[in-house]
J.: 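Below you'll find the structure I mean.
The basis for the numbers below is simple: all heavy atoms, side chains too, and nothing from hydrogens, waters or symmetry mates.
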Amino acid sequence: MRWWSGAWMIAGIAGIVVLAACGTSAGGGSTGPASASRSSSARPSSTAPTAAPASPSGPGPSKSATPPSTPAGHCAAGHTEISVSPGDAVEQRLCVRPGTVVSLVLRPRTDDKRWSAVNTSAPALVPASGWRLDADGTAHAVLRCAGTRGGAAVVTALAKAPDVAGAARAAFTLRISVVPYTTQG
């Protein structure tokens with residue numbers, strides 16, 4: 001075996017160890033889920049924390065170039081509301097437990113476009129329902145995560161100018177990770 005193939009194998013094992021350490025729920029190591037941008041609000045109604053405690057030794061291995069897995073102890077459960085206002089990030093990530101209900105509130109847009117629909121990439125995992133468009137332009141949707149399954153889904157909110165022909169385009173993307181509860185034994 002050549003020396004370079006041995007070096008690649010050691011680097012691969014070290015990468016697996018670092019990624020495994022990022023996913024532990026024993027504390028530290030991760031900055032928590034990116035459940036909302038700074039200017040939007042995510043309000044989980046459960047008592048679970050929404051961000052990991054600060055590590056006294058500084059940033060952990062989650063500051064690497066590869067995105068770490070979210071620690072399962074820091075996912076929202078029960079009911080969570082995501083509110084998106086003009087000027088917020090066009091893409092957000094959210095970690096939830098199975099059975100969580102996410103209320104998506106899309107505030108009125110400042111341009112000439114109006115919210116038109118919400119689509120999901122995995123309707124068996126995170127079906128979208130309860131679509132409602134208020135008179136002031138605020139849109140509401142309810143996303144109900146599957147009760148037992150884990151996985152990921154991409155939810156897109158579409159917007160379109162009412163007087164322009166053509167299909168609506170994605171104006172907001174919510175990447176939902178459903179992380180099941182761990183089983184003991």
J.: To the nearest 0.5 Å, tell me how far Lys160 NZ sits from Arg169 CZ.
T.: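 Taking NZ in Lys160 and CZ in Arg169, the distance rounds to 11.0 Å.
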J.: How close do Ala124 and Ala146 get, heavy atom to heavy atom, and via which atoms?
T.: O-CB, 4.1 Å
J.: Can you see which heavy atom on Pro180 is nearest to which on Gly150, and at what distance?
T.: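 Looking at all heavy atoms of both residues, the shortest contact is CD-CA, 3.7 Å.
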J.: Do any pairs count as a side-chain hydrogen bond (donor to acceptor under 3.5 Å, both in side chains) and have a residue in residues 110-124, sequence neighbours left out, and if so which ones?
T.: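 Passing the test, one end in residues 110-124: Arg109-Asp111.
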J.: Which distance, rounded to the nearest 0.5 Å, do you find between the CD1 of Ile176 and the CG of Leu143?
T.: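 Between Ile176 CD1 and Leu143 CG, I get 5.0 Å after rounding to 0.5 Å.
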J.: Is there side-chain contact between Pro98 and Arg149, with at least one heavy-atom pair below 4.5 Å?
T.: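 Contact flag for Pro98/Arg149 side chains = no.
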J.: Is there a side chain to side chain contact (heavy atoms under 4.5 Å, CB included) between Ser83 and Arg107? Walk through the geometry before answering.
T.: CA-CA 7 Å; Ser83 179; Arg107 301 284 177 214; 3.4 Å; yes
J.: Applying side chain to side chain contact (heavy atoms under 4.5 Å, CB included) to Val90 and Thr173, what does each step give before you reach the verdict?
T.: CA-CA 6 Å; Val90 296; Thr173 303; over 6 Å; no
J.: Is there a donor-acceptor pair under 3.5 Å between the side chain of Asp136 and the backbone N or O of Thr138?
T.: yes
J.: Please examine the side chains of Thr156 and Phe172, heavy atoms only from C-beta on, and report whether any two atoms are closer than 4.5 Å.
T.: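 Phe172 does not reach Thr156 side chain to side chain.
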J.: Ignoring hydrogens, what is the shortest heavy-atom contact between Asp134 and Arg132? Give both atom names and the distance.
T.: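 For Asp134 versus Arg132, the nearest heavy atoms are OD1-NE, 3.1 Å.
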J.: Using a distance-only test with no angle check, is there a side-chain donor-acceptor pair under 3.5 angstrom linking Ser103 and His79?
T.: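 There is such a pair (donor and acceptor under 3.5 Å, judged by atom type) between the side chains of Ser103 and His79.
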J.: Calculate, to the nearest 0.5 Å, the distance between atoms CG and OG belonging to Leu106 and Ser85 respectively.
T.: 9.5 Å
J.: With a 4.5 Å limit on heavy-atom distance, are the side chains of Cys75 and Val179 in contact?
T.: yes
J.: Answer whether the closest heavy-atom distance between the side chains of His140 and Trp131 falls below 4.5 Å.
T.: no
J.: Compare all side-chain heavy atoms of Leu104 with those of Val142 and state whether any distance is below 4.5 angstrom.
T.: no
J.: Is any side-chain heavy atom of Leu158 closer than 4.5 Å to one of Val118?
T.: no
J.: Between Val101 and Thr80, is there a side-chain heavy-atom distance shorter than 4.5 Å?
T.: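 When only atoms from C-beta onward are counted, Val101 and Thr80 do not touch, as no gap falls below 4.5 Å.
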J.: Do Ile82 and Val105 come close enough that some side-chain heavy atom pair is under 4.5 Å?
T.: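 Of all side-chain heavy-atom pairs linking Val105 with Ile82, none is under 4.5 Å.
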J.: Looking only at atom types and distance, does a side-chain atom of Arg144 sit under 3.5 Å from a main-chain N or O of Pro127, one as donor and one as acceptor?
T.: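 Side chain of Arg144 to backbone of Pro127, a donor-acceptor pair under 3.5 Å: no, none is there.
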